[in-house]
Colleague: 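Next up is a structure, given as structure tokens.
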Amino acid sequence: MHLKTALVLCFAILSGAMLVYTSQRVHDAQRTLRMARAAVQKETQTTRMLQAEWAFLSAPDRLEKIAGEKLDLEGGAPRIIPSFEVLRPTTAPQMHDASFSGDAGEHIGGHE
Amino acid sequence: MIFYRMMRRNAAKLTGDRSAMLDLAHGRLVALSSFFAIIYMVLAVRAFDVSVVQAKFWNMEDAGAIVVAEAPEGKRRGSIYDRNGNMLATSLDMASLYADPYLIADPEKTARGLSDIFPSLNFGKTLRSLQSARRFVWIERNISPRQQEAVMQLGEPGLAFRYEEKRVYPAKNEMAHLVGMTNVDGRGLAGVERSFDRMLAKGQDVTLSLDMRLQHALHREVGKAIDDFNAMGGAGVIMDAHTGEVLAGVSLPDFNPHEPGLSEAAAHFNRLTLGVYELGSVFKIFSTAAFLETHDVPMSTTFDAREPIKVGRFTISDYHAEERILTVPEVFMVSSNIGSAMMGQAVGGQRLRQFYEDLGLLSAMNVEVAEVASPLVPDRWGEVATMTASYGHGIATTPLNVAAAVATVVNGGYLIEPTFVHAGEGGKARNNRNKISVISEETSYKMRELMRLVVTDGTGKNADVPGYRLGGKTGTAEKSGAGGYQRKKLISSFVGAFPINDPRYVVMVAVDEPKGNKKSYGYATAGWVAAPAVQRLVKTMANILGMAPDYDAPSYEHPLRQYVALEG
């Protein structure tokens with residue numbers, strides 16, 4: 001009888017301890033999840049705020065105004081845009097491949 | 001414990017019933033003691049858990065994080081982006097400061113501190129609020145994080161914050177009509193905010209076809225045309241000629257979506273999609289296309305424009321009367337109403353109406369903004385209506401309808417339905433690729449030649465940009481009023497496409513009631529008002545889109561020159 005009681009008691013204590021441990025783990029996991037969600041939300045909120053701020057700062061009308069007032073810049077004429085056909089390398093690249101014949105610099109420029 | 005030992009000693013001397021009773025009492029005592037011991041143990045373990053194990057989680061930062069986690073993120077309204085990922089609208093949590101005067105320890109010191117942080121606050125008023133008997137007083141709404149930090153530094157327990165969602169539009173006025181706005185409860189009231197309200201309310205983002213850079217360029221040029229010619233308003237659109245994506249759309253005057261109440265009612269009217277106007281000669285693009293589509297005739301076909309035409313009580317005459325016989329290219333180039341009316345007659349009333357219908361000119365556009373208008377079409381499409389509709393009188397439609405129809409004419413002839421949603425999102429642009437053919441490739445080619453001729457030698461010379469082969473058509477229409485058409489109240493518009501050999505973009509600018517100026521020699525016609533605006537716009541577009549000019553390209557309109565009597 002005494003042994004039985006002791007065994008039951010031991011079992012109850014062990015079960016209780018396991019229950020406490022398990023519930024503690026669950027609590028920890030829930031807390032970690034909550035904090036991860038909070039961190040994600042905070043980051044999302046910060047990103048959103050930064051995106052809005054960036055959109056304000058890089059708004060074309062603002063940039064145009066600043067470029068005109070501070071840097072005395074104006075919109076470029078279309079003729080300043082070159083096509084790939086008219087682009088040539090400023091210095092001819094040096095080719096040392098013995099098997100390659102002809103003008104190496106011009107050849108590469110043509111591919112550009 | 002002593003009592004227990006004594007009991008055990010005495011029990012050892014007892015026998016029989018008394019011994020059994022003592023054993024029972026002993027057992028109960030042990031059970032009760034064990035029960036209490038377990039309870040105390042559980043409490044001790046829990047106390048250790050709360051005070052030691054969990055203590056590390058409960059510092060200020062984590063507590064704050066948990067509070068944030070409990071905020072209803074799912075209810076946050078989605079954002080709106082342009083095609084390049086630039087933010088056009090979003091919702092931000094803004095802190096608003098309130099006070100509980102009952103908890104304010106030193107109202108005077110607090111009021112002084114608040115006045116320093118918020119220069120707009122009046123010290124006296126704030127002090128009165130803080131000394132009031134109420135338990136809730138708003139101090140300042142939508143404060144910045146820096147101001148919030150400064151308030152917290154005051155260390156006053158009676159000051160607290162409430163977080164409110166505020167809709168922010170970084171592009172401000174420039175996209176106001178298309179992006180729209182929300183009310184204080186965050187429900188969409190206009191534009192995309194209204195038409196995508198359900199989706200945005202669920203927290204889903206929307207990506208539009210608009211390009212913020214092109215939008216700014218269009219906004220600037222339409223605005224300049226309005227300022228230069230002291231006009232009442234204007235509208236403009238840039239559209240992808242193949243997908244129907246609207247890259248930019250402007251209606252002026254406009255409003256600041258952050259403070260919509262400060263603008264007049266007229267500023268809230270979207271002229272691009274909701275305004276219906278008689279746009280005049282730009283309709284010659286469609287009547288000429290109908291004529292070429294239905295008649296297999298050479299470009300040398302002539303029309304007698306020596307005399308105005310009388311139809312019933314109406315007289316059709318030319319604005320720039322050539323008073324001679326004109327070929328098809330000449331009719332288009334000099335914008336002859338007489339010639340176009342004759343073309344319309346040749347096509348026939350029903351066929352012309354059906355052709356306009358096929359181009360989408362006679363019905364409301366099915367686009368992703370709620371503010372769309374149905375065109376105004378003559379009730380009875382008789383001979384007069386056929387002839388006047390050939391040069392854009394007696395038929396009123398939105399600038400967006402016209403731009404989409406022009407895209408259909410120049411892109412090889414397949415139907416374009418405009419869309420404000422980026423094609424990548426599965427918008428209507430996908431449908432446009434189904435290529436429902438409205439006119440033949442050959443007619444489309446001829447129309448492109450004719451439109452180029454208008455810009456090189458006709459009424460649209462001021463729109464030409466060397467190297468980009470812009471083709472287009474001017475339109476100057478008198479506005480109709482109570483007493484009929486008003487000669488001094490015009491709608492001047494230009495619609496074009498470039499590069500005309502394989503159009504990628506359709507551009508349109510329409511200016512409402514421009515007044516002639518010194519530079520235009522008093523003229524307020526499309527060639528002086530809208531064409532230069534389109535020229536400036538195309539130059540800017542070329543820079544933004546990195547389109548290199550092609551000065552050596554063969555003259556696209558050259559084959560038509562043989563049918564044109566050129567001056568000089």
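Naming: A, B, ... by sequence-line order, numbering from 1 per chain.
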Colleague: I need the residue from A:Gln51, A:Arg62, A:Glu53 with the largest number of non-hydrogen atom pairs under 4.5 Å to chain B.
Modeller: A:Gln51
Colleague: Quick check on A:Glu64 against chain B: is it the side chain, the backbone, both or neither that has a heavy atom closer than 4.5 Å?
Modeller: side chain
Colleague: At what distance, to the nearest 0.5 angstrom, does CD of A:Gln45 lie from OG1 of B:Thr90?
Modeller: 10.0 Å
Colleague: If you measure from CZ on A:Arg48 to CG on B:Leu92, what distance do you get to the nearest 0.5 Å?
Modeller: 7.0 Å
Colleague: Which answer fits B:Met41, side chain, backbone, both or neither, if we ask what part of it has an atom under 4.5 Å from a heavy atom of chain A?
Modeller: side chain
Colleague: If you round to the nearest 0.5 Å, how far is CE of B:Met87 from OG of A:Ser58?
Modeller: 11.0 Å
Colleague: Between A:Ile13 and chain B, with a heavy-atom cut-off of 4.5 Å, which part of the residue counts as in contact: side chain, backbone, both or neither?
Modeller: side chain
Colleague: Which one wins on heavy-atom pair count under 4.5 Å against chain B: A:Leu63, A:Asp61, A:Leu9?
Modeller: A:Asp61
Colleague: Does atom CG (A:Asp72) have a neighbourhood of more than 12 heavy atoms from anything else shown, all under 6.0 Å?
Modeller: no
Colleague: Can you tell me which portion of B:Phe35 sits under 4.5 Å from chain A's heavy atoms? Options are side chain, backbone, both or neither.
Modeller: neither
Colleague: Heavy-atom pairs under 4.5 Å with chain A: which of B:Ala89, B:Ser91, B:Gly27 has the most?
Modeller: B:Ser91
Colleague: Relative to chain A, which segment of B:Glu174 carries a heavy atom at a distance below 4.5 Å: side chain, backbone, both, or neither?
Modeller: side chain
Colleague: Starting at CZ of A:Phe56, measure out to NZ of B:Lys172 and round the result to the nearest 0.5 Å.
Modeller: 6.0 Å
